[in-house]
Amino acid sequence: MKAFDKYAWMETEQEKTHNWLLSESDRSVNILEKLDWFAPIKKRLEELTEYAAEPVIFQIRLQGNNSFYFKQTAQHPYNRLFVKDRFGKETLLIDPPVGYGIYDYYPSYDGQYIAYSISENGSNISTIKVFNLKTRTHLPDNLSGITDTNLLWAEDNLSFFYHRNNLFEAKNIKAGIEEIYLHRLGSDTKKDIVIFGKDQLSNYNARTDQNTSLSLSSNWAIACSSSSLSGYNLDLYKLPRENLNKNNVSWNKIIDRKENVTDFLIKDNWLYLVKYNDYSGYSIFRVNLNDINQSEEKIIEWQNGELTNFVANKDAIYLTYHDSEQLKFVSIPFSDIHNIKSIPISNNNEVTAIFTNSDQDEILFTQQSWTSPPKIFRYHSNNQLIEDSKILNSDHALFSEYESEQKWVKSNDGTLIPLTLIYKKGMKFDSSAPTWLTVYGAYGESEFPNYDASRLIWLEKGGIIAIAHVRGGGELGPKWHHDGTGYKKQNSINDFIKCAEYLIHYHYTQSSKLVISGNSAGGIVIGMALIKRPDLFAAASIKVGMLNMSRLDKIPIGMANFEEFGSPFKKHELENLINIDAYLNLKEGVKYPNVMVSVGLQDDRVSPWQSAKFAARLNDIKRQQDERVFIITDKYGGHFMDNFLYMMTFFFWKTDSE
């Protein structure tokens with residue numbers, strides 16, 4: 001007999017659910033803003049924003065003599081699109097209106113147009129607009145209802161290929177269909193041609209095929225799709241490039257997802273493939289597209305580590321990867337693929353991005369660490385010189401008093417789990433430090449060193465920051481990811497709990513000083529850790545969390561998550577989902593830690609009712625203890641809503657930090 005679900009109405013009665021979330025948020029905000037911690041934290045956050053106000057520059061694209069990039073500043077803490085010419089003159093191109101955000105852009109090859117995607121209030125649904133760089137005006141083209149753009153200009157510079165998913169207009173969320181279209185500037189979008197989709201393929205699964213994209217070489221078009229949000233296990237199809245504009249084209253499938261391909265590049269007639277291997281690492285091969293049945297030629301391989309960057313310019317492939325905990329940065333010349341060249345990087349730094357394109361003979365790359373701000377370098381392959389690009393002039397003084405280290409924590413099954421710690425140099429560990437432990441651990445996403453000045457708010461008060469690199473992430477390669485998926489998702493939860501116990505056992509902190517946080521899929525781990533070990537934690541923050549996993553098929557990204565977590569339509573997989581369903585596993589009479597739940601009402605990835613149901617049921621339990629869940633609701637925000645100020649206030653309060 002199916003158990004009664006008291007808060008099932010929250011799934012269907014959206015207005016009532018949203019009003020409840022907003023009402024609870026008003027109560028929570030009113031309490032938090034009156035606390036002694038709130039004003040100083042707000043002030044310090046503003047100071048850090050100003051002090052660390054060297055512009056944040058990212059997503060750089062080189063086109064001819066121009067460099068395009070997004071820039072954020074203290075005065076404009078959102079994406080604005082700029083271009084810098086060869087003389088160093090910077091020009092603002094796109095400053096989005098209030099309430100809107102740009103999340104990607106694509107300059108045409110001749111530098112005349114730039115297509116970009118813009119969305120409202122953090123929505124996952126965007127519109128493609130086209131800007132004329134010479135006249136500084138917008139074209140009438142507006143392509144609405146876009147999920148992931150994956151845009152690629154055609155060589156005529158008057159048309160482009162783009163990715164569209166009709167999920168946004170489907171009444172049934174199971175009906176989303178991902179396809180690639182060709183749009184000609186100035187034409188009616190209703191007449192856009194489908195290049196790659198259900199009508200061109202056999203065995204196309206409209207419910208789960210994801211990450212559909214197109215790549216072009218001089219002779220070939222390669223299209224790909226994946227069955228999971230993680231992007232693993234690609235299907236690849238080829239087509240002579242000259243046939244792209246023809247009707248009723250027939251794509252030839254050349255790589256099946258069973259072959260473990262996770263990424264690829266094409267150069268002339270060569271297809272370069274990245275495959276995960278039996279050693280929890282990757283191998284890179286190449287195959288001739290003129291003779292696809294020819295044996296693959298192996299170029300490089302490694303074990304126990306993730307591939308983090310894989311790009312190419314006109315002369316070489318550039319990649320960064322972790323080989324058994326060692327970061328490697330190499331180039332592979334197209335002219336001699338076995339002459340692999342190492343590129344030196346600063347000690348303890350991570351190469352977090354590489355910028356180039358197929359017309360360039362140089363690259364830009366970004367280095368940073370947990371305690372060193374990002375710096376962008378220029379690398380010339382012809383002389384192998386690395387020089388400061390001077391695009392960023394970062395101040396290294398902010399974290400000069402702090403350091404980071406990595407520990408290894410033994411999990412339930414004996415697996416060693418990486419745990420990053422950041423703290424003040426010379427700190428004595430006597431169990432008194434408030435400690436903030438974070439986690440994600442899903443989709444093979446890796447949390448490698450990255451710089452964030454806002455962490456100082458916690459560190460300056462004598463706190464420790466800890467990052468648990470649990471299974472489900474990708475830090476130690478594909479097997480690390482696989483061992484935190486499906487029925488093995490319990491590993492992610494166990495790993496996290498063991499990291500928390502480690503911090504207490506080795507006197508970094510104590511339960512009354514230990515707070516935890518996770519966002520989205522990280523909410524699975526936080527929610528279940530609270531349930532399994534409520535005694536371990538002082539407080540928890542869950543933002544846009546996946547907290548009712550047995551109802552996975554009812555959220556917008558549900559179907560695409562079946563490969564990662566399991567399907568509620570299969571008995572054994574449903575049982576596994578119930579086991580990691582924080583909402584269903586809450587129990588009456590248990591003294592749970594203090595909890596903050598944060599949601600964006602415009603979230604079109606994880607529905608707000610997932611958080612609402614969890615918070616409402618936990619409230620029923622906490623009322624017996626005269627406590628309530630704190631809820632932060634952003635009426636206009638989406639999946640990436642910001643709760644940092646309130647979370648910090650909440651954590652300082654619940655650890656009674658000075």
- Task: Indicate yes or no: at least one non-hydrogen side-chain atom of I555 is less than 4.5 angstrom from one of Q610.
- Result: yes
- Item | Derivation and outcome, salt bridge (charged side-chain N to carboxylate O under 4.0 Å, His left out), residues K554 and E11 | CA-CA 8 Å; K554 303 301 180 184; E11 298 182 26; over 6 Å; no
- Task: Please say whether more than 12 non-hydrogen atoms of neighbouring residues, nucleotides or ligands are located less than 6.0 Å from NE2 in H482.
- Result: no
- If the plane angle is over 60° it's perpendicular, under 30° parallel, otherwise tilted; pick one for Y78 and H76. perpendicular
- Message: When you compare the side chain of I118 with that of K129, does any pair of heavy atoms fall below 4.5 Å?
- Response: yes
- Taking Y592 for the side chain and K587 for the main chain, is one N or O donor matched with an acceptor at less than 3.5 Å? yes
- Query: Atom CD1 in I578, atom OH in Y583: separation rounded to 0.5 Å?
  - Reply: 13.0 Å
- For the residue pair N79 and Y116, confirm or rule out a side-chain donor-acceptor distance under 3.5 Å. no
- Taking every heavy atom of R27 against every heavy atom of V629, the minimum-distance pair comes out as NH2-O, 2.7 Å
- Would you please say whether a donor-acceptor pair under 3.5 Å links the side chains of Y276 and N260? yes
- Query: Just checking, is any N or O donor in the side chain of E564 or H481 under 3.5 Å from an acceptor N or O on the other one?
  - Reply: yes
- Message: What I want to check is whether the side chains of Q602 and E120 have a donor and an acceptor closer together than 3.5 Å.
- Response: no
- Minimum heavy-atom distance between F614 and I542, given as atom pair plus value: CE2-CD1, 4.2 Å
- Note on the structure: What one should report as the nearest heavy-atom pair of I621 and G589 is CG2-N, 4.2 Å
- Query: Just by modelled atom types, is the H572 backbone N or O under 3.5 Å from a matching donor or acceptor in the N576 side chain?
  - Reply: yes
- Among side-chain atoms of S520 and R605, is any donor-acceptor pair under 3.5 angstrom? no
- Just checking, is any N or O donor in the side chain of S213 or N150 under 3.5 Å from an acceptor N or O on the other one? no
- Query: Atom CD1 of I524 and atom CZ of F565: how far apart are they, to the nearest 0.5 Å?
  - Reply: 4.0 Å
- Task: Can you measure from CD1 (I516) to CD1 (I526) and round to the nearest 0.5 angstrom?
- Result: 4.0 Å
- Consider only side-chain N and O atoms of S492 and K489, and report whether a donor and an acceptor are under 3.5 Å apart. yes
- Message: So, applying ring-ring contact (aromatic ring centres under 6.0 Å, His included) with F652, which one of Y646, W458, F38, W436 is it?
- Response: W458
- Steps toward side-chain contact (heavy atoms from CB on, under 4.5 Å) verdict (V515, L437): CA-CA 6 Å; V515 296; L437 175 63; over 6 Å; no
- If you count the non-hydrogen atoms of other residues, nucleotides and ligands that lie under 6.0 Å from CZ in F429, is the total more than 12? yes
- So NE2 of H18 and CE of M10: to nearest 0.5 Å the spacing works out to 10.5 Å
- Item | Which atom of K622 lies closest to which atom of E627, heavy atoms considered | NZ-OE1, 2.8 Å
- Pair H469-T420, side-chain donor/acceptor within less than 3.5 Å: yes
- Query: Does any donor atom in the side chain of D620 or Y7 lie under 3.5 Å from an acceptor atom in the other side chain?
  - Reply: yes
- With side-chain contact (heavy atoms from CB on, under 4.5 Å) as the test, would you mind laying out the steps for V409 and L416 before giving the verdict? CA-CA 5 Å; V409 179; L416 294 177; over 6 Å; no
- Value for CG (N19) from CD (E15), rounded to nearest 0.5 Å, stands at 5.5 Å
- Looking only at side chains, do S550 and D581 share a donor and an acceptor under 3.5 Å apart? yes
- Task: Search all heavy atoms of S225 against all heavy atoms of R257 and return the closest pair with its distance.
- Result: OG-NH2, 4.0 Å
- Item | Verdict with reasoning, S411 to N494, per side chain to side chain donor-acceptor pair (under 3.5 Å) | CA-CA 7 Å; S411 194; N494 293 338; 5.8 Å; no
- Message: With a 4.0 Å cut-off on N to O distance, would you call D535 and K591 a salt bridge?
- Response: no
- For the pair E475 (side chain) and S446 (backbone), establish whether a donor and an acceptor sit closer than 3.5 Å, ignoring hydrogens and angles. no
- Query: Can you tell me if T435 uses its side chain to pair, donor with acceptor, with the backbone of A433 under 3.5 Å?
  - Reply: yes
- Under a 4.0 Å N-O cut-off, is there an ion pair linking K42 with E33? no
- What's the verdict on salt bridge (charged side-chain N to carboxylate O under 4.0 Å, His left out) for D413 and R471, showing C-alpha distance, side-chain angles and the deciding distance? CA-CA 12 Å; D413 60 359; R471 283 172 283 184; 2.8 Å; yes
- Donor-acceptor contact present, side-chain S280 to main-chain K479, <3.5 Å: yes
- Query: Looking only at side chains, do T308 and E306 share a donor and an acceptor under 3.5 Å apart?
  - Reply: no
- Message: Has S567 got a side-chain atom pairing as donor or acceptor with F569's backbone, closer than 3.5 angstrom?
- Response: yes
- Query: Any sub-3.5 Å donor-acceptor pair from N548's side-chain atoms to R551's backbone N or O?
  - Reply: no
- Message: Any donor-acceptor pair under 3.5 Å linking the side-chain atoms of Y103 with those of S119?
- Response: no
- Query: Regarding K258 and N233, is there a side-chain donor-to-acceptor distance under 3.5 Å anywhere?
  - Reply: no
- CG/L419 to CZ/F496 distance, rounded to the nearest 0.5 angstrom? 9.5 Å
- Message: Using a 3.5 Å distance criterion without hydrogens, assess whether the side chain of K543 forms a donor-acceptor pair with backbone atoms of N643.
- Response: no
- Carboxylate-amine/guanidinium proximity below 4.0 Å for R44 and E47: yes
- Ignoring hydrogens and geometry, is there a side-chain-to-backbone donor-acceptor pair from T655 to F651 under 3.5 Å? yes
- Would you indicate whether the side-chain heavy atoms of V470 and Y440 approach each other to under 4.5 Å? no
- Are any of the side-chain heavy atoms of H163 and I146 separated by less than 4.5 Å? no
- Are D104 and S117 close enough that a side-chain donor and a side-chain acceptor fall under 3.5 Å? no
- Message: Side chains of Y487 and N579: any donor to acceptor distance under 3.5 Å?
- Response: no
- Item | Over all atoms of both residues, closest heavy-atom pair of I493 and A529 | CG2-N, 4.2 Å
- Query: D553 side chain to G558 main-chain N or O, any donor-acceptor pair under 3.5 Å?
  - Reply: no
- Query: Would you call the rings of F650 and F630 parallel, tilted or perpendicular, where under 30° means parallel and over 60° means perpendicular?
  - Reply: tilted
